Amino acid sequence: MKRGLRLKFAVLFVLVVTVALGAAGVFSAVSQQRQAEKEMLEKAQVLAQEMDAVWAFFETNQHQFKTDEQGNYELYCVIAAKSVSKFFTSETNYVIHYTNVTTRRASDAPDAFEAEALQAFLADPTLEEYYGIADYEKKGTQVFRYMQPLYMGESCLECHGEPAGELDSFGYAKEGKHVGDIAGAVSIVMPIDLYLEDIEGNIASNVFFYSCILVVGFAVILFGVSRLVTKPLGKLEDATGRIEKGDFDIDVEGIGDRDEIQRLARRFESMAAQLKRSYEDLEGQVRERTGELARANAELERRREQLERANAVLQETNEFKSDFLATMSHELRTPLTSILAFTEIWENMDVERDERERAAVHEVRESGQLLLYMVDNILEMARSEAGKTALSIEPVDMMDLINAVEKPTGFLAQKRSIRLTACVDADVPIIMADWEKLRRIVENLVSNAIKYTRRGGDVQVRVRNDEVRGGIVVSVADNGIGISEENLPFVFDRYTQIDKSSQKRYSGSGLGLAVVKELVELHGGEVWVESEYKKGSTFSVFVPSGDNRWSEDE
């Protein structure tokens, strides 16, 4: 632990020192470079002023110089200035050069830096100087470059004034300049090697000085960390090892000096005392907990046996209920079928009957048909609960199936003055399904829609092809009482009617939609509903076209 903390502190300190030294070095280098540039600029300005003074001296005393037989001066100011700059350049590392955009001598032609400066002077007549550190091609190194513009004076017009094109005393064509025009620039090149050496030396000295200070500081910090942190923590680590071996008598005297480490040690001593008390009582607690677990396991075993017996009773009761429902439904269905058959024969007899008789027979037929639907649903649900529901797959023509459903449900719709319409799209294919169970699905949906539609309402049945999913969709829409949004999730539950008050108004067992869901899922399809309260509902069923996946043995 000691080595770990020391190593971490050392690495952290080295990183901080490295970053600090790097930042200090960069800041020092930038500062000293700016200072060096400032000093070189001041020297260049002084040198340029001295050269201007030389130029002005010769221009002012031009009339005192000797002339030739034609009256031309033998020494001009420009020649004197260039000569002085040449002597100065030969004796120092400095370079003074007079140049212009267009020159009469090739030696006076500007280099890249000078050409850039001349263009800047021409573009901005108020610009008084142009400088910076740049590469100097003649010496192949970086130097400080300084340029100052020169302007046309009265004495310059003799060689450079008007008329333009006329030859001057040296045989060169005049440029047509005027007083105040830019006549060129003086270029001063100053070496910066000494400055750079001084900067590097200063940076090295600063880095060494600060490094010494930081090393001393690091040693002091490391000593303090070792004495105040790692040594007390080492004692706590030794105490932890003693606790692991079962020795809980911990003495923290001498660990820390009224600081956080000492408070931690006191807490550690208190924790060790608590562990000692807990450890001494641990065996008794273990025995007590073991006894409690044994009693809890015995109670769980007793509850499990009770649940097994209750489950057996429930299973037996469920089987009895299913057998009872199946038997009773079968026994009820046989006489109901006979009643409906004789009622239909009685209605079709060519005998004159009064209105009361016809109404009574209609009532018998309607009640019998509704009762038959209920019995069929109960019988189907009993089979499903008993696991005896199977599909008998055969080709099904939906046109024939809808016609078969329209006959019994049409009677119920006619009695309630409800318009029942059915439509089978032309592209609906013959599917492979269980005819009887598919008829039961459609019949339950249609009878349910008729039951919850007011007199004079509409019930529409449509069968369409679903090429995307490979099957058909049967939709039954009505404009009846509808279903509220909060009750939609429960419409397919068994023995459920959403509105309890409707149990008195609309007869039914609450199994119709549950049977639909069971039979649809048995075919591998799905059923869903869209409804708006007091405006109507649309129940839709998707049934796969079938690919001989089912058989009568399933």
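Just so you know, residue 1 is the first one in the sequence shown, and it goes up from there. Since this is a predicted model, take the numbers as computed values, not measurements.
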For the student: nearest non-hydrogen atoms of Val527 and Val520, plus distance: N-CG1, 4.1 Å
Check Met190 against Met40 and note the closest heavy-atom contact, atom names and distance. SD-O, 3.5 Å
Show every salt bridge (Lys or Arg N to Asp or Glu O under 4.0 Å) that has at least one partner inside residues 114-123, sequence neighbours left out. Glu114-Arg145
Got a second to check how far Ser545's OG is from Asp466's CG, nearest 0.5 Å? 8.5 Å
Looking at Glu299, I want to see if its CD is surrounded by more than 12 non-hydrogen atoms of other residues, nucleotides or ligands under 6.0 Å. yes
Just by modelled atom types, is the Ala120 backbone N or O under 3.5 Å from a matching donor or acceptor in the Asp124 side chain? no
Leu391 CG to Leu519 CG distance, which is reported to the nearest 0.5 Å: 8.5 Å
Nearest-0.5 Å distance that lies between atom OG in Ser537 and atom CD in Glu532: 9.5 Å
Take Thr99 and Met147 through the test side-chain contact (heavy atoms from CB on, under 4.5 Å) and record every step on the way to the result. CA-CA 10 Å; Thr99 185; Met147 291 189 68; 4.1 Å; yes
On a heavy-atom basis, the closest approach of Phe542 and Gly471 is CE1-CA, 3.7 Å
Sorted by chain and residue number, the side-chain contact (heavy atoms from CB on, under 4.5 Å) partners of Arg295 (sequence neighbours excluded) come out as Glu292
Nearest heavy-atom approach of Val541 to Trp528 is C-CZ3, 4.5 Å
Looking at CD of Gln148 and OH of Tyr130, how far apart are the two atoms once the value is rounded to the nearest 0.5 Å? 15.5 Å
Between Leu41 and Phe144, is any pair of side-chain heavy atoms under 4.5 Å apart? yes
Side-chain contact test, heavy atoms from C-beta onward, threshold under 4.5 Å: evaluate it for Val473 versus Val543 and give yes or no. no
Considering residues at least two apart in sequence or located in another chain, which fulfil the side chain to side chain donor-acceptor pair (under 3.5 Å) criterion with Glu521? Lys517
Heavy atoms, side chains only, cut-off 4.5 Å: are Ser187 and Val95 in contact? no
Where does the angle between the aromatic ring planes of Phe492 and Phe539 fall among parallel (under 30°), tilted (30 to 60°) and perpendicular (over 60°)? perpendicular
Minimum heavy-atom separation for Val143 to Pro191, with atom names? CG1-CA, 4.3 Å
Residue set satisfying side chain to side chain donor-acceptor pair (under 3.5 Å) with Arg464, at least two apart, ordered chain then number -> none
CG on Leu122 to CG on Leu127, rounded to 0.5 Å: 10.5 Å
Distance check, rounded to the nearest 0.5 Å: Asn479 atom CG versus Thr538 atom OG1? 10.0 Å
Which atom of Ile483 lies closest to which atom of Val491, heavy atoms considered: CD1-CG1, 3.6 Å
What do the steps show when you test Ile188 against Lys43 for side-chain contact (heavy atoms from CB on, under 4.5 Å), and what is the final call? CA-CA 10 Å; Ile188 301 175; Lys43 289 184 177 181; over 6 Å; no
Residues in side chain to side chain donor-acceptor pair (under 3.5 Å) with Arg304, at least two apart? Glu301, Glu308
Under 3.5 Å: donor-acceptor pair, side chain of Ser531, backbone of Gly536: yes
Residues 475-486 vs salt bridge (Lys or Arg N to Asp or Glu O under 4.0 Å), sequence neighbours excluded, gives none
